[in-house]
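Working notes, beginning with the structure itself.
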Amino acid sequence: MFSIFFSVLCSWFAFFLPCYATYKTLSQRPIIEADVQKWCMYWSVVGAFVGFEHVAGWLVSWLPFYWEIKTVFLLFLSLPQIQGSTFVYNSYMQPFFAKNEKEIDAGIVSIQSNVLSFVQSRLSALWELLWSVLSKTPVNQGNINGAQQTQPAAPGISLDSAMGLFKTYGPSLLNSLNPAATPNGSAPTPPSFTPTTSSSSVSTISSQSAVERGPSSTLP
């Protein structure tokens, strides 16, 4: 119950009222530079505090009187009578940023480039996986693991080779699946497509032809 009350109090004084005051400052003409500078300092300090809370909130939220301390600190920053944000910025943030500006800039550039490279590699691997599923092609495991190596695709069967296999083995397969049986009840033997004629078969055929013709007649 108290946490809800303090959350509403913080939201009203630390966010809603400063947001509207910033709008009023930017809307008036001519713009007063001192007011713009004041609100820039305020949002810089509040942004740093919110970022810290998002990272370490799970560690400090269990502390006793956490919500009360947070509410008092945000009121200290936001109330115009105190101007705590100006004090915090001029005393702590501005000297720290000025002293470590080069290191912070280099770190930001490095983090952004590393994050961009990681996101690009992950998106590339995801797109390759999706494309392999849609086109039914083997997946390149090197890109999925983040490496730049490629693997050869499995050889496919062309249409000509498939037709050749069908012409060679197709009739034999169809004959073996024929339900008709031979007279002795056994399945018919598929015919051979490369018949060979042996010498014994030729002699047998020649002798049968001679018997059918009978003895040759002699001339007078």
Side-chain angles (χ1 to χ4, degrees), residues 1-134 139 143-147:
M1 184 64 183
F2 285 101
S3 62
I4 298 177
F5 171 76
F6 287 117
S7 296
V8 173
L9 192 64
C10 290
S11 300
W12 178 256
F13 284 99
F15 297 102
F16 294 142
L17 288 182
C19 178
Y20 185 70
T22 304
Y23 160 74
K24 295 286 288 184
T25 301
L26 296 176
S27 299
Q28 62 183 358
R29 292 294 184 273
I31 296 178
I32 302 176
E33 185 178 354
D35 292 342
V36 174
Q37 183 179 4
K38 178 186 70 174
W39 289 117
C40 287
M41 293 179 182
Y42 173 78
W43 289 116
S44 298
V45 176
V46 171
F49 173 76
V50 172
F52 171 79
E53 187 182 25
H54 274 285
V55 174
W58 61 274
L59 183 62
V60 298
S61 60
W62 60 271
L63 293 176
F65 306 106
Y66 169 75
W67 287 100
E68 290 82 355
I69 297 174
K70 175 182 175 181
T71 303
V72 171
F73 179 72
L74 289 177
L75 290 176
F76 166 76
L77 297 178
S78 60
L79 290 178
Q81 295 82 2
I82 304 176
Q83 294 186 358
S85 59
T86 304
F87 170 76
V88 173
Y89 182 86
N90 291 328
S91 301
Y92 299 101
M93 291 190 62
Q94 194 274 338
F96 175 79
F97 288 151
K99 181 179 180 181
N100 303 280
E101 184 175 0
K102 294 182 179 180
E103 291 79 3
I104 294 174
D105 291 339
I108 291 174
V109 172
S110 177
I111 292 174
Q112 289 179 347
S113 61
N114 292 334
V115 170
L116 183 60
S117 301
F118 176 79
V119 172
Q120 287 178 347
S121 63
R122 295 299 95 185
L123 289 178
S124 176
L126 180 61
W127 169 250
E128 183 176 353
L129 179 61
L130 180 62
W131 178 253
S132 66
V133 172
L134 294 177
V139 183
N143 289 338
I144 292 181
N145 295 330

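Because the structure is a prediction, the values reported are computed rather than measured. The chain is numbered in sequence order, starting from 1.
- Thr86 places a side-chain heavy atom less than 4.5 Å from the side chain of Gln83.
- The side-chain heavy atoms of Val50 and Phe15, taken from C-beta on, include a pair separated by under 4.5 Å.
- Considering every non-hydrogen atom in both Ser78 and Ala14, the closest pair reads CB-CA, 4.0 Å.
- Judged by distance alone, the side chain of Ser85 and the main-chain N or O of Val45 form no donor-acceptor pair under 3.5 Å.
- Judged by distance alone, the side chain of Thr25 and the main-chain N or O of Ala21 form a donor-acceptor pair under 3.5 Å.
- A distance of 8.5 Å separates NZ of Lys38 from OG1 of Thr22, quoted to the nearest 0.5 Å.
- Ser27 has its side chain within reach of Tyr23: a pair of non-hydrogen atoms, C-beta onward, lies under 4.5 Å apart.
- Interatomic distance, CH2 of Trp67 versus CG of Leu9, reported as 11.5 Å (0.5 Å rounding).
- Using a 4.5 Å cut-off on side-chain heavy atoms (C-beta onward), Gln28 and Asp35 make contact.
- Interatomic distance, CG of Leu129 versus OG of Ser124, reported as 11.0 Å (0.5 Å rounding).
- Legend: ring pair (Phe, Tyr, Trp, His ring centres under 6.0 Å) pairs involving residues 92-120, not counting sequence neighbours: none detected.
- Nearest heavy atoms, Pro95 versus Asn90: CD-O, 3.6 Å.
- How far CD1 of Ile82 is from CG of Leu77: 9.5 Å, rounded to the nearest 0.5 Å.
- In this structure a side-chain-to-backbone donor-acceptor pair under 3.5 Å is present from Ser117 to Ser113.
- Side-chain contact between Met93 and Met41 is absent, with no heavy-atom pair separated by less than 4.5 Å.
- Within 6.0 Å of atom CD in Glu33, 12 or fewer heavy atoms from other residues, nucleotides or ligands are found, so the atom counts as exposed in its surroundings.
- Contact of the Phe13 side chain with the Leu79 side chain is registered, since non-hydrogen atoms from C-beta on lie closer than 4.5 Å.
- Ring geometry, Phe16 versus Trp12: the interplanar angle exceeds 60°, so the pair is classed perpendicular (tilted spans 30 to 60°).
- Atom CD of Gln94 is surrounded by more than 12 heavy atoms from other residues, nucleotides or ligands within 6.0 Å.
- Sorted by first then second residue, the ring pair (Phe, Tyr, Trp, His ring centres under 6.0 Å) pairs that include residues 30-52, not counting sequence neighbours, are Trp39-Tyr42, Phe49-Phe73.
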